[in-house]
Each structure stands twice: as structure tokens, then as C-alpha cells.
Amino acid sequence: MRDAVAQAERAAELARLLDAAQAKLAGAEQAAEEARVLAERLSETEARLAAEQAAAERLRKELAEQRFQAEVANWKLSSIKVARWNRLGDAIKSGKNNPVRLAKGLKGAAKPVKRPTAPKRRPVAVAAKPKDERPGAAYQATATTRTVNGASFKLKPFRVPTGPNTRPHLTAAVVADPHAEALLRYEWRQTTGFTPRDFARILPLEVPHLLVVESVTQGPWAEEITGEPGEGLKGLLAWCAERGIRTVFWHTKGDVSAYARAAELFEHRFTADLSVAWPRLSFGVQPRVHNPLPLAGGRIDRVLTLDQLLPGHLAYPDVLTSYRWPAAADCPPGTPQWRLAEIAACGTPIGTEADSRRAHVALRRAYQMGTMSERVDEMLDAIGLPSARATLTTSVLLPILDPYLMEHALAQVAKQSGVDQVIVIGPPEAELRARDVLPDVEVVYRRPQPAMTEGAMLNAGLDLCESDLVAVMDPRDVYGSHYLTDLKRAFLFTTADIVGKAAYYAHLRKPQATLLKQPDAEYAYVPEIAGATLLARRNTLRELRFADLTDGWDEVLMRQCRTDGIKVFSADRFGYVRVRDEDRWLLGAAQLVEYGSAEPHALI
């Protein structure tokens, strides 16, 4: 009997709980319906407001036009009144019975009178638009002055690029602090600035493929993701779940326990913290903003500490300006690795002295540690979205006019990484030898016709190229093992169609002289680069073609680029040595480094 009573009590309690749950569910459904109705009303109100603003603008223009026409009418009337014929008529009419008055009137009418100035149509005042406060809406540097030890310096800010992006087919809704937003904004079409109150209105304008939420420390989402998850976050994740949108939580800073409850609600979780047992996703350099493009005013001749370089009040676009400013940055032990990588990627030496060779090696290592495009590839692969993006596959054109240079030429190509295809145009023995030396590269061989110029050989090889980029290498010269990878990097942060070296080392065998040509031409858009360092987009090169010359084909090509407005960019001075027996022109146009080998200076 007691068991029956207990079961009945449990059944009654379950029924009560079920009724309470159903009541809550009904209340939630009612609240959701009310929210939907409110959202619809808000959309209708915004549409009416936009229509009223357009009508007000139209009325303002019509009123301005009416005012202008009234001013024109008044001007015409004033002009008629002061016209000489009108004043003569008035004098005759008023003095027809009085000869003295008539004489005075005619004398006054004969005097010149200044005519009124015609009115001018004034532009219609445009109603001031409300300031867009969304992150990234006005993402440019603003702090133009820096103070170091009491001295004030005025900087020309680094211009943060606005596009294009790496994956235009992909849209991401992103909640991130300015630093992470700067790293991600070039990787896809990015929607930011939505809040817990308006995401349901903003996100449908371009429904995203994924949602990425960083462990933010500021803004309207910070309270939603710390401690107990907020209703706004739950609503956002429910909205994404209804539409099959992937959701990602990215822990980049702070105690992970503060975000653990919120992170559990996401489909995927990543962390930059090695001590957290989630899949790893750390910061990478973003080539669009972390690159060696210099400031317009150049660097100051000072080594700055990290505190001097980055005072706490700087917004991230201003941080990007500061990275490029000092001769070197003295960073203390414990500086985050991502910060060191960003400074190095901007070409700034890290240490107590300016050393361009060390700076170049550090830049190369910063990129080897991984770019943000590679980090996003890892994320997309892990969550099941396609990570497809444009790549920079490379074909090398290798014309061999002198059979004695064949072994040297093939050895220079074999050093390179990232070569997908080699077009060899030379003596018959070059085909088998190239396949032996380059076993992992597609080798295409063509035998040149008798008396064929180097330009004609290059044109024949160009038609066989299948890669995105085409490089020309000279069998006489020396190329470092990082030559092509260093050169290709420029396509990640410039808008040039042709990249090469206007600044480079040269070695003349007879005088045993090492020279440096145009050291100030590094990382700059220039009129021309050395033909032996040419790396160009294949389609651009096919439109230009090569002149049918052995000597001077590169000069003709650069002249055509200037005529057609094709951008040519000069990269760093390292990784290449021009080798000749003698060159009087180069002796007069370059500075002497020393008598001896050029390779210790150029190849690092």
C-alpha cells in the first residue's frame, strides 16, 4: 500500500513537473512569437524610416531648387530696374512737363550703374549620417604622432588595405577583438558589428556559412560568453543551428574556465593555449597587414623598447604603423611569440641594433611559422567546410644557350622549393639530365631552333607553362635556396603583376669585385627589375610576350610595362647574385661592397 502511495505521489510530481515544463515551453514559444513579431515590426519601421528619409531628401532638393529660382527671378527684376533703357524711360516719363527735371533725369540715366550679381546654384546640404561604430567600419590608423623620451615624432600612418579577400565564396559572422578581426577579415567575406539584440536582423542580410566567436574581453558579447552563457548567445547559436551554420569558439586569451560553459554550446572549439586540451589554433601572420612595406616617411634612426614602440593607448591599425617605425625593436624576454612574429614580418629587426640580414631571416621564419590563411585552412578542414583558395604554383623558364652552363643552371633550380614545373630549352643532353636532377618536378623539354634568340626561347617556353606564376632564371647567375619562396611572398601583400629585384648583389670575376645595385629600391614599386629575377603572373606575361632579342629583352619588357601601366615590384636584395666577367655599366651604377665573393653577403 505504501509503495502504491509513493508511486502515486511520484506520478503526481512528474505530472506537475510536466505541466510546469509545458507551461514554460508554451511561454517560450509565446516569447519567441512575440520576438518574431517585434522583429517584423522593427523591419517595417526601418523600411518606413528609410522611405521617409528619402522623401525628406527629395523635398529638401525641391525646396533648394525653388529658392534658387526665386533668387533668379529677383535678380532679373533688379537687372531690369537698373538697365539704362529702363532708367531713360523713367526720366522721360517723370520730366515730360518739367524740362529741368527731364534734363537731370537724362543726365542721371546716362551714368553707368553696377548690375546685380547673378545667383549661383548652391549644393544641397546632405543630412549627416550617424557614425558607424562597428569594428572594422573605419579601420585606419589615426594616431599620427609618437613621443619618445620627451621628443615628438609625426608619422605618416600605414594604410590598412581594404580588400580583396582570400576566399570570396565563404561568408563568416565573426565576434572578435580588433586584433583577431584584423587577422581574419581578409580570409573570407566577414560580417561583424552585430549585437545580442540585433543579430537576427543583420545576419540574414548575408547568411554566413560559419560563426566564429573569439574569447573577447570587450564589447556587447563579452558578458554573454563569460561565466553562465547569456540569452543573447543562446539565441544566436539556436539561430545558427536552425540554418545549419557551423559554430566555432576560439579561445585566444584569458582563463579558459571563464569561457568553458559558453564554449560547450558550440559545435567546435579551438585554443591558442598549449595547456588547454582542445584542438590547437594559434595566431599566424596576416600578409595583408604584416609585411615589409615601409612607411611613407621611412624609419627613424633609433632602437625602441617594446613599451616605447607600443604605448597602451594605440588602436590596432596604429600598432601596425608602429611596427614599421623604428630602426630596431628591443623586445624583453617573455614577449608573446605572435607579437615577435608580427614585428619580424614587418621587416623590423628585433634586438639592440639594426641588422638587415637578421631582419630578413626573422621575416622568413615568421612566415614559415604559418600565415593566417594556413591557420584558417586548418580550421575549415576540421569543421568540414571547403578550404579552397587561390595558390601560387610556379613554372620556371630555363633557357640554356651555353651547354657548359647546363649543370650550374639545373643546380640552381634544384635548390628551390615550391617549383611545380620546369621548362628547359637547351641542348639535347639537358632533357635527361634535368629529369635526373629534378625527379619530383614536372620537366618539359624543347630543343631550340638554330640561331634562336633568348627572347624567342622564352616565348616558346611561355606557351608551355601551366602554373599561376612564371619565373625566368639565368644560367649564368647564382640563386639562393630561398630565392623563389622569398620572391613569391610579395604576391601575398602587393598588387603587382610582376615581381623581381631592382636591388641586388653582383659579382664581376675579372676584378673580383662585389657590388650592390640600388639598395634603396627594396620593397617598392619601381620602373624596372632585372630580367634574371623576373617572377610574373602567367596571364600578364602571355599578353606582354618577350622581345626577339638575346640582350635587352628585359629592358623592352619593362618599357612595355610602363606603357601599359602594369605594376612592377622590387622585393629584397637577398637570395640572388648577378655573375659576369666584367660589366662597365654595372661598375658605374652600383656601389662597391668589397673585393671578394658576393655569396656571403647575398645568400642567407
>> Pair Arg146, Ser322 - check side chain to side chain donor-acceptor pair (under 3.5 Å), show working.
In response: CA-CA 9 Å; Arg146 302 288 191 277; Ser322 289; 3.0 Å; yes

> Given the rule in the side chain to side chain donor-acceptor pair (under 3.5 Å) test, do Arg375 and Ser282 qualify, once you have shown the distances and angles that lead to the verdict?
Replying inline: CA-CA 7 Å; Arg375 298 285 190 261; Ser282 58; 3.2 Å; yes

>> What's the separation between atom OG1 in Thr321 and atom NZ in Lys156, rounded to the nearest 0.5 Å?
In response: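 One gets 13.0 Å once the value is rounded to the nearest 0.5 Å.
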
> Could you give the distance from CH2 (Trp325) to CG (Leu155), rounded to the nearest 0.5 Å?
Replying inline: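 Between Trp325 CH2 and Leu155 CG, I get 5.5 Å after rounding to 0.5 Å.
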
Do the ring planes of [X] and [Y] sit parallel (below 30°), tilted (30 to 60°) or perpendicular (above 60°)?
X: Tyr483; Y: Tyr479; value: perpendicular
X: Tyr576; Y: Tyr504; value: perpendicular
X: Tyr523; Y: Phe569; value: tilted

Inspect the contact between [Y] and [X] and indicate whether a charged nitrogen and a carboxylate oxygen are less than 4.0 angstrom apart.
X: Asp581; Y: Lys510; result: no
X: Arg537; Y: Asp497; result: yes
X: Arg476; Y: Asp474; result: yes
X: Arg489; Y: Asp486; result: yes
X: Arg280; Y: Asp273; result: no
X: Glu407; Y: Arg433; result: yes
X: Glu555; Y: Arg559; result: no

If only side-chain N and O atoms count, and only distance matters, is there a donor-acceptor pair under 3.5 Å linking [Y] with [X]?
X: Glu187; Y: Gln286; value: yes
X: Ser395; Y: Gln421; value: yes
X: Thr393; Y: Asp420; value: no
X: Thr352; Y: Asp330; value: no
X: Ser570; Y: Lys501; value: no
X: His179; Y: Glu342; value: yes
X: His601; Y: Glu594; value: yes

> Can you tell which of His408, Arg580, Gln412 makes a side chain to side chain donor-acceptor pair (under 3.5 Å) with Asp477?
Replying inline: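 The side chain to side chain donor-acceptor pair (under 3.5 Å) with Asp477 is passed solely by Arg580 among His408, Arg580, Gln412.
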
> When Thr453 is tested against each of Asp548, Asp551, Asn459 for side chain to side chain donor-acceptor pair (under 3.5 Å), which residue passes?
Replying inline: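 It is Asp548; the other options fail the test.
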
Donor-acceptor pair, distance only, cut-off 3.5 Å: does the side chain of [X] make one with the backbone of [Y]?
X: Tyr445; Y: Gly426; value: yes
X: Gln416; Y: Gly480; value: yes
X: Arg578; Y: His507; value: no

Heavy-atom pair with the smallest gap, counting every atom of [X] and [Y]:
X: Tyr505; Y: Ala602; answer: CD1-CB, 3.6 Å
X: Leu462; Y: Arg545; answer: CD2-NH1, 3.8 Å
X: Ile350; Y: Cys331; answer: CG2-SG, 4.2 Å
X: Leu281; Y: Trp250; answer: O-NE1, 2.7 Å
X: Glu522; Y: Arg573; answer: OE2-N, 2.9 Å
X: Ala430; Y: Val424; answer: CB-CG1, 3.9 Å

Extract all donor-acceptor atom pairs below 3.5 Å that involve side chains of residues 294-305 and protein atoms in other chains or at least two apart in sequence.
unit_1: Arg299; atom_1: NH1; unit_2: Arg324; atom_2: O; d: 3.3
unit_1: Arg299; atom_1: NH1; unit_2: Pro326; atom_2: O; d: 2.8
unit_1: Arg299; atom_1: NH1; unit_2: Thr348; atom_2: OG1; d: 2.9
unit_1: Arg299; atom_1: NH2; unit_2: Cys346; atom_2: O; d: 3.3
unit_1: Arg299; atom_1: NH2; unit_2: Gly347; atom_2: O; d: 3.3
unit_1: Arg299; atom_1: NH2; unit_2: Thr348; atom_2: OG1; d: 3.3
unit_1: Thr305; atom_1: OG1; unit_2: Gln308; atom_2: N; d: 3.2
unit_1: Thr305; atom_1: OG1; unit_2: Gln308; atom_2: OE1; d: 3.4

My understanding is that only one of [options] makes a side-chain contact (heavy atoms from CB on, under 4.5 Å) with [X]; could you say which?
X: Val419; options: Leu484, Thr394, Asp440; result: Leu484
X: Ile383; options: His209, His268, Glu378; result: His268
X: Val470; options: Leu534, Asn539, Leu535, Leu397; result: Leu397

With the side chain counted from C-beta on, respond yes when [X] and [Y] share a heavy-atom pair under 4.5 Å apart, and no when they do not.
X: His251; Y: Phe270; value: no
X: Thr514; Y: Leu592; value: no
X: Leu380; Y: Pro386; value: no
X: Leu398; Y: Ile425; value: no
X: Cys561; Y: Ile498; value: yes
X: Val422; Y: Glu442; value: no
X: Val319; Y: Arg339; value: yes
X: Gln337; Y: Phe283; value: no

> What pairs with Thr252 under side chain to side chain donor-acceptor pair (under 3.5 Å), at least two apart in sequence or on another chain?
Replying inline: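 Here the qualifying residues are Glu214, Ser215.
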
>> Counting neighbours of CZ on Arg584 that are heavy atoms of other residues, nucleotides or ligands and sit closer than 6.0 Å, is the number greater than 12?
In response: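 No.
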
